[in-house]
Trainee: 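Before I ask anything, here is the structure I am working with.
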Amino acid sequence: MEHIVFLTGRLAQPSLERVLSAIDNAPFTWETRDIGLQVAGLMTADMVRRRLPVPVVADRIIVPGRCRGDVEALSAHYGLPVQRGPEELKDLPRFFNRAAKAVDLSAYEVAIFAEIVDAPRLTVAQIVERAQAYQADGADVIDLGSLPDTPFGHLAESVQALKALGLQVSVDAVDPQDLLRGGRAGADYLLSLTLDTLWVADEVAATPVLIPRTPTDEDSLHQAVRLMQQRGKPFIADAILDPIPFGLAASIVRYHRLREAFPEVAIMMGVGNVTELTEADTSGINAVLFGLCAELDVAAVLTTQVSGHARRAVREADWARRIMHAARSRQMLPKGLNDALMTVHDKHPFPDAPAEIDATAAQVRDPNFRVQVSAQGLHVYNRDGLRTGQGAFELWPQLGLQHDAPHAFYMGVELAHAEIAWRLGKRYVQDQPLAWGCAVEQAPQDTTSWCAPGTTMPTSRTVPTGRERGDVTQAVKDE
């Protein structure tokens, strides 16, 4: 059985041992080692190398998730794998569970058509800029939309500009002449042809997307599918997804009947009628819709980013298709695969119980504030005691920072983050931004460099400010 050495600091060691002891049927044996730091989060690879003597009798070493430095060099130094664990030690069971599953999310089957709804009103340069942003978020095809009573004189030029960049392009128009112009300019797909406009598909090489004459006219769509099958040309069929409460359930049934009637036909689902026209977080809506797509073996989805609340729709679609593909292909629930679509809440928002926070607070001997969040609220502590509350304004009078503007500013920011996390049910980690899944762009962490102190630095006139500031000072003393 594998034996793992977990490196930690003095404050975290008891909690780490409790968490490891609670892992049922762990496929490894373990031991913990305090390398002489008060706070494990300040550990660096250089520090480990100086303080942990060779040899280490183990099969693997796990360092805290916030350990900075070159862990590959540590692996070479000790002659065994050195790995970063999760940033929160309470996540270790989940960390090992995910490692055992090793689910690959690079695979997917659903193509994303991202529509530029207002393309006729944009310049070619603006269309290109929007298209490149959609592509960066995961779009496979850029769909050029049309607007009622709005001429699109630069349609052909726009198609050609996008094709010159190597992008796949679809043209979405009601007027057959616009579809013809788009197809002749090199568009890859045409949205959308009915039974009455199938002749357009004979004039250009673009792959048509077939729709019914009206959303409920399934017969006309099925007839169009059969005619295209007889012609032996590629096509995609779309049964039209209706918004809530104007037939969403019935339209899902139509998609199911379409799949039953034509098991091998490529199907498209336009999800914008639901994501755009429902005032709810689109990450969850996309998760459910792409789950349906996985079950129905949908080949393509048309999505839009028009409403402000749907401004991450393409990126959400990209994550949703990967997660649901993994769930279907592995015949497992879409749980524990990735947190990207959990933008508002966290599954395990409060890893620390109040009693555990109390025990940690009792060990602190310096003036620097630590902030933690439990299900009961906010906990702020230093050597002068523990304060609890449910909001920044409630806790502020208890901190005694009225004459220390830099420290007050820092604590105001941290308490605001902590209160938001508590009210929404999100994970809070002091000195770290809140995680919003794929809803917010976040630069990748540089795990090889030291996590620098934040906005306020200790000076001769101010007390060192956040938890990190005080611990940096302590880490220097420990060295």
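Keep in mind the model is a prediction, meaning the values are calculated, not measured.
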Trainee: Do other residues, nucleotides or ligands put more than 12 heavy atoms under 6.0 Å from His309 NE2?
Mentor: yes
Trainee: Taking ring-ring contact (aromatic ring centres under 6.0 Å, His included) as the test, write out the residues that go with Phe6, two or more places apart.
Mentor: none
Trainee: Got a sec, which residues hit ring-ring contact (aromatic ring centres under 6.0 Å, His included) with His222, two or more places apart in sequence or on another chain?
Mentor: Phe262
Trainee: Does a side chain donor of either Tyr428 or Glu414 reach within less than 3.5 Å of an acceptor in the other side chain?
Mentor: yes
Trainee: Go through the structure and list residues passing salt bridge (Lys or Arg N to Asp or Glu O under 4.0 Å) with Lys163, not counting sequence neighbours.
Mentor: Asp188
Trainee: Evaluate whether atom CZ of Arg423 has more than 12 neighbouring non-hydrogen atoms of other residues, nucleotides or ligands under 6.0 angstrom away.
Mentor: yes
Trainee: Can you tell me which residue pairs pass the side chain to side chain donor-acceptor pair (under 3.5 Å) test with a partner in residues 258-281, sequence neighbours excluded?
Mentor: Glu276-Thr304
Trainee: Sort and list the pairs that fulfil side chain to side chain donor-acceptor pair (under 3.5 Å) and have at least one residue in residues 284-294, not counting sequence neighbours.
Mentor: Asn286-Glu316
Trainee: Can a donor-acceptor pair be found between the side chains of Thr32 and Thr8 at a distance below 3.5 Å?
Mentor: no
Trainee: Just to verify, what does Lys90 make a salt bridge (Lys or Arg N to Asp or Glu O under 4.0 Å) with, not counting sequence neighbours?
Mentor: Asp352, Glu356
Trainee: Nearest 0.5 Å, what's the CD-CG distance between Gln132 and Asp137?
Mentor: 12.5 Å
Trainee: Looking at Asp178 and Arg181, is there a salt bridge between them, counting it only when a charged N and a carboxylate O are closer than 4.0 Å?
Mentor: yes
Trainee: With no hydrogens and no angle check, do the side chains of Ser15 and Arg18 hold a donor and an acceptor under 3.5 Å apart?
Mentor: yes
Trainee: Any luck finding a side-chain donor-acceptor pair between Arg370 and Gln430 under 3.5 Å?
Mentor: no
Trainee: Does a side-chain N-to-carboxylate-O contact under 4.0 Å join Arg321 and Asp140?
Mentor: yes
Trainee: Could you go step by step and tell me if Lys347 and Asp339 meet the salt bridge (Lys or Arg N to Asp or Glu O under 4.0 Å) rule?
Mentor: CA-CA 9 Å; Lys347 186 175 180 180; Asp339 298 335; over 6 Å; no
Trainee: Per the side chain to side chain contact (heavy atoms under 4.5 Å, CB included) rule, which among Leu296, Val110, Thr303, Ile240 passes with Met269?
Mentor: Leu296
Trainee: So, do His154 and Phe152 have ring centers that fall under 6.0 Å from each other?
Mentor: yes
Trainee: Above 12 or not: heavy atoms from other molecules or residues under 6.0 Å from CD of Glu72?
Mentor: no
